[in-house]
Number of protein chains: 2
Amino acid sequence: MKGLGELERTIMDILWAQNSPLTAREVGRLIEDRDLAPTTVMTVLDRLSRKGFLDRTRDGRAWRYQPAASRDAYVAELMLEALDMTGDRDAALTRFARAVSGSEAEILRKALTELEEQ
Amino acid sequence: MKGLGELERTIMDILWAQNSPLTAREVGRLIEDRDLAPTTVMTVLDRLSRKGFLDRTRDGRAWRYQPAASRDAYVAELMLEALDMTGDRDAALTRFARAVSGSEAEILRKALTELEEQ
DNA sequence: TCACCTCTCTACAGCTCGTAGTACTACTAC
DNA sequence: GTAGTAGTACTACGAGCTGTAGAGAGGTGA
């Protein structure tokens, strides 16, 4: 998996926040601060779908884009990828566990407990 | 934090595997498959220390390089950074917990238990 | 028919990374 | 003391990625 650029991530964030597929125009309208040319948005959407981050379906002449995976899945995959980098996964995991905040440790613990019960 | 290129990571791996600081020449000797010019290695070491991944100290006229942080710390930081990307950390953590293998879940559980006990 | 929307293709500049040459300085062995 | 070696700093260049957008073509509604 590759990382994303800033604009790419802005656009992914918009699409992740939505629960229905959007057209390039709609995405463009939701990017506020920047005044981007419509083709810019289209180009980035196109690149994102080429990279597999977005799926797109026809809607008349336009494409409608939606995330290929949830943000959580993406984040979890990034985390696993980072973990794959190390020779010593245990040490990295231990360190990670120590670094998350208390409430997050709680979440992890819960998820792990549920795992165990299955 | 930024990602690392391929050669950069190869070099970091070499230095992480070492327990004493190395000179550019020594690092170069440890990169086998590729036949790199000495200056190439020096350039990359220089860039890595600029980026904060390496510390360097003088040894005569040469520099000796060593990782600024352990690989585990680096990996854990990457994981936290990924986690920061999401709006819903809990969901991402839960998904992550479900994705790690059984033995790793065990490690995590243990680390979290130790945390709790402190 | 004209204005507009949307698409695809192409382009370009800035940055990062792999790769290395050049020019200079200091040590080492004859 | 001179030639080779090792090391540094500086500079460079091409490839690939990303942000940005224009040009051109083909529909579509007024």
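We name chains A, B, ... by the order of the sequence lines, and we start the count at 1 in each one.
Between Arg34(A) and dT20(D), a side-chain N or O to OP1/OP2 separation shorter than 4.0 Å is present. Side-chain N/O atoms of Thr40(B) include none lying less than 4.0 angstrom from OP1 or OP2 on dG18(C).
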Tabulate protein N/O versus nucleotide N/O from nucleotides 13-18 of chain D, keeping only pairs under 3.5 Å, one per line.
unit_1, atom_1, unit_2, atom_2, d
dT18(D), OP2, Lys51(A), NZ, 2.6

Write out a two-atom table: protein N or O, nucleotide N or O from nucleotides 7-10 of chain D, distance below 3.5 Å.
unit_1, atom_1, unit_2, atom_2, d
dG7(D), OP2, Arg25(B), NE, 2.3
dT8(D), OP1, Trp63(B), N, 2.8

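Judged as a ring-ring contact (aromatic ring centres under 6.0 Å, His included), not a single pair has a partner in residues 23-48 of chain A (not counting sequence neighbours). Counting only residues at least two apart or on different chains, the salt bridge (charged side-chain N to carboxylate O under 4.0 Å, His left out) pairs with a member in residues 16-28 of chain A are Glu26(A)-Arg64(A). Screening residues 96-118 of chain B for ring-ring contact (aromatic ring centres under 6.0 Å, His included), with sequence neighbours left out, gives Phe96(A)-Phe96(B). For residues 20-51 of chain A, the set of pairs meeting the ring-ring contact (aromatic ring centres under 6.0 Å, His included) definition, not counting sequence neighbours, is empty.
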Might you work through the side-chain contact (heavy atoms from CB on, under 4.5 Å) test for Asp46(A) and Met42(A), ending with a clear yes or no? CA-CA 6 Å; Asp46(A) 193 48; Met42(A) 280 194 279; over 6 Å; no

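Partners of Glu106(A) according to the side chain to side chain donor-acceptor pair (under 3.5 Å) rule, which considers only residues two or more places apart in sequence or in another chain, are Arg109(A). For Asp33(A), the side chain to side chain donor-acceptor pair (under 3.5 Å) criterion is met by no residue, not counting sequence neighbours.
As rounded to whole Å, 17 Å separates atom P of dG19(D) from atom CG of Asp35(A).
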Side chains of residues 11-22 of chain A: which donor-acceptor partners sit under 3.5 Å, not counting sequence neighbours?
unit_1, atom_1, unit_2, atom_2, d
Asp13(A), OD1, Arg71(A), NH1, 2.6
Trp16(A), NE1, Ala69(A), O, 2.8

